[in-house]
Amino acid sequence: MTPAGPAGSGGVSRRAFLGVLGGAGLAVAGCGGGRESAGESLASRARLPEPFTVPLPIPEVARPVSPGRYEVTQRVAAAEILPGLRTEVWGYGGTFPGPTFELRRGTPAVLGVRNELPVPTSTHLHGGVTPPESDGYPTDLVVPAGYPSSPHAHPGEVHHQVVRDYRYPVEQRAATLWYHDHRMDFTAPQVWRGLAGMVLVRDEEEDALPLPRGERELPLMICDRAFEEDGSFRYPHAAHHADGHGGGPTGHGGGAAGHGGGAHGPAGGTYALAADYMEGVEGDVILVNGAPWPVAEVTATRHRLHLVNASNARRYRLRLSPGGRFTQIGSDAGLLAGPVVHDTITMAPGERYDVVVDFSAYPPGSRITLLNTLADGPAGNVMRFVVTRKAPDDTAVPATLSRPPGRPRPVTTRTFDFRRTNDSWTINGHRYRPGAPLARPRLGTAEIWRLTSDFHHPVHVHLAHFQVLARNGRQPAATDAGWKDTVDVRPYEVVDVLARFDGYRGRYMLHCHNLEHEDMAMMADFEVV
Ligand SMILES: [Cu+2]
């Protein structure tokens, strides 16, 4: 199968991208349409299944080993993602996605991570209000047994031998969070191999709502991948690169010893990623909960969908076919004050949308397809719902959902410019410099952060939640509602957000959540003082 991929992708788009950087892109951005794709398309070599034939899997919910304590082992495992083929995954618990953690506000959780992979890892709870020492800093690594202390280590790099505990106070509102690897220089290939899963934070405010639950509440982690002929994940690794690499379990020695292979470096400018894919990597297979274009049977009732875009680079514009609406009840950081109805939802990498879809609008037997209208060809399909039968439904979406915190008065405005500088992706002209904060906001205050951009950059801020105030000086999009931690910043756009620095003092980060951009240095520290 040789899919066409999104419009403007392939060899043409790289030239288009360079054109954008050359200044021609101002016209592209200015005409309102422009290029919607944020990466380079990578085609699968494997035989792909017909869409909507594989049942939607639901990841297991993690069980604590003792009250408040969870343990998970990161390991290499085989999964049947494409029917009849084996894919080696690097998974939390050996699964992709990893288990779903259901946490409760006010009940602290400890996550013990054991690393049995051939490479170091760092686990970040995305959207978590987490103390800095448990936030998954990129050089704060859990290293596998026998991993050498490398002379090429980054300044300040910390190695936890094989195991460590991450402590999550969970003093935050009910929300759809997720967790994933955040290792310096290798986040993109390591998440691509499977190191991601979902977290649902619950609280009393949510409990009191008559929302769909149980079988009618579906966490849906959406991401794209490409596959080699034998079913293994296809990723455009740099040919010379030895770490985080294609060896898998058989490459144990290479993985552990190979860090000297030129992973990074301002001088050499070499990366784990093939240079042609600097824009980001997009696969041609859309996975939901790790299954290709799956199908789910639903009763003709309301269902709550926790949508997570866990893709490295791909943006989606979700639409229901032959028609239907999403009633958004929550954003990245929690429930909205009241529902907002959308015909389409555009999701950048890292963003989450908590929505209700009412399948009673369709007669039993209906097939409702979740489309991605930003892509033609196979990536234009996401998954399908088949309505089985009518059923009683005592759920509702009340006009008042929650009382989110109000907008505090900002104490200052700072600008962060996300841009390509030579062969790197930079913030305010800097490649990532661990330990060199670009800002020192005070705990308990709020600031306006102005995000400017030369390309598609989904900007993610750790710790601080924010509201989108304006896009290019105008009203934000309807889908920007609520408190968020990730915002879709488009080419030559200026996005103003109001960020609250609550929770903890210490070292945090902001970065682009296009994982290839992140690995190519588009990160910065900030320190809450
Ligand atoms: Cu970016």
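All of these numbers come straight from a predicted model, not from anything done at the bench.
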Practice prompt. Please test Trp425 against His517 for ring pair (Phe, Tyr, Trp, His ring centres under 6.0 Å), starting from the C-alpha separation and ending with a verdict.
Written response: CA-CA 6 Å; Trp425 293 104; His517 297 190; 4.0 Å; yes

Practice prompt. Indicate the ring-plane relationship of Tyr168 and Tyr166, choosing parallel, tilted or perpendicular according to the 30° and 60° boundaries.
Written response: parallel

Response to the item:
Between Asp224 and Glu282, the two heavy atoms sitting closest are OD2-CA, 3.2 Å

Response to the item:
Nearest heavy-atom contact between Thr486 and Gly350 is OG1-O, 3.7 Å

Worksheet entry | Pair His511 and Tyr432, ring centroids less than 6.0 Å apart | no

Practice prompt. With sequence neighbours left out, write down each residue that passes side-chain contact (heavy atoms from CB on, under 4.5 Å) with Ser453, or none if nothing qualifies.
Written response: His457, Val489

Worksheet entry | Donor-acceptor contact below 3.5 Å, side chain Glu518 vs main chain Leu515 | no

Worksheet entry | Over 12 foreign heavy atoms within 6.0 Å of CZ, Arg86 | no

Worksheet, complete the sentence: Minimal heavy-atom distance between Val495 and Val468, with the atoms involved, is CG1-CG1, 4.0 Å

Worksheet item: With Asn115, which residues qualify under side-chain hydrogen bond (donor to acceptor under 3.5 Å, both in side chains), at least two apart?
Response: none

Discussion item. Can you tell me how the ring of His462 sits relative to the ring of His124, calling it parallel under 30°, perpendicular over 60° and tilted otherwise?
Written reply: parallel

Item to complete: For the pair His159 and Gln161, evaluate side chain to side chain donor-acceptor pair (under 3.5 Å) and give the outcome as yes or no after the intermediate values.
Response: CA-CA 6 Å; His159 287 186; Gln161 293 298 322; 5.0 Å; no

Item to complete: Quick one: do Trp449 and Phe526 satisfy ring pair (Phe, Tyr, Trp, His ring centres under 6.0 Å)? Show the steps, please.
Response: CA-CA 12 Å; Trp449 282 13; Phe526 67 91; 5.4 Å; yes

Worksheet entry | Those residues that, when tested against Pro51, pass side-chain contact (heavy atoms from CB on, under 4.5 Å) (two or more places apart) | Trp293, Asn381

Worksheet entry | NZ/NE/NH1/NH2 to OD/OE distance under 4.0 Å, Arg315 and Glu36 | yes

Discussion item. Please evaluate residues Asp485 and His126 with respect to the criterion side chain to side chain donor-acceptor pair (under 3.5 Å), reporting the C-alpha separation (whole Å), side-chain torsions for both, the decisive distance (0.1 Å), and the verdict.
Written reply: CA-CA 8 Å; Asp485 53 59; His126 184 126; 2.9 Å; yes

Item to complete: State whether the side chain of Asp519 and the backbone N or O of Ala188 hold a donor-acceptor pair below 3.5 Å, judged by distance alone.
Response: yes

Fill in: Under the side-chain contact (heavy atoms from CB on, under 4.5 Å) test, residues paired with Pro64 that sit two or more places apart
Tyr70

Item to complete: With side chain to side chain donor-acceptor pair (under 3.5 Å) as the test, would you mind laying out the steps for Asp354 and Gln328 before giving the verdict?
Response: CA-CA 6 Å; Asp354 191 351; Gln328 186 190 355; over 6 Å; no

Discussion item. So, using side-chain contact (heavy atoms from CB on, under 4.5 Å) as the criterion, who are the partners of Arg319 when residues are at least two apart?
Written reply: Thr344, Thr373

Fill in: Note, Pro83 side chain near Pro49 side chain (heavy atom, < 4.5 Å)
yes

Worksheet item: What are the two closest heavy atoms between Asn309 and Trp178, and how far apart are they?
Response: O-CZ2, 4.0 Å

Worksheet item: Is it true that Tyr92 and Tyr179 have ring centroids separated by less than 6.0 Å?
Response: yes

Discussion item. Is it the case that over 12 heavy atoms from other parts of the model lie below 6.0 angstrom from the CD atom of Glu229?
Written reply: no

Item to complete: Determine whether more than 12 heavy atoms belonging to other residues, nucleotides or ligands lie under 6.0 Å from atom CD of Glu60.
Response: no

Practice prompt. Measure from NZ or CZ of Arg225 to the centre of the six-membered ring of Phe227, then state whether that distance is under 6.0 Å and the direction lies within 45° of the axis.
Written response: no

Worksheet item: Can any side-chain N or O of Glu516 pair as donor or acceptor with the backbone N or O of Val281 at less than 3.5 Å?
Response: yes

Worksheet item: After noting the C-alpha distance and the side-chain angles of His303 and Glu217, does the key distance pass the side chain to side chain donor-acceptor pair (under 3.5 Å) rule?
Response: CA-CA 6 Å; His303 281 66; Glu217 182 180 16; over 6 Å; no

Discussion item. Working note: Arg419 + Asp417, criterion salt bridge (Lys or Arg N to Asp or Glu O under 4.0 Å); need CA distance, chi angles, decisive distance, verdict.
Written reply: CA-CA 6 Å; Arg419 189 167 299 275; Asp417 182 45; 2.7 Å; yes

Fill in: Where Phe466 and Ala499 come nearest, the two heavy atoms and their spacing
CB-CA, 3.7 Å

Discussion item. Test of understanding: with side-chain hydrogen bond (donor to acceptor under 3.5 Å, both in side chains), list the residues that count as partners of Asn428, not counting sequence neighbours.
Written reply: none

Worksheet entry | Short side-chain to backbone donor-acceptor contact, Gln190 and Pro120, under 3.5 Å | yes

Worksheet item: Which atom names give the shortest non-hydrogen contact between Thr479 and Tyr353, and what distance separates them?
Response: O-OH, 2.7 Å

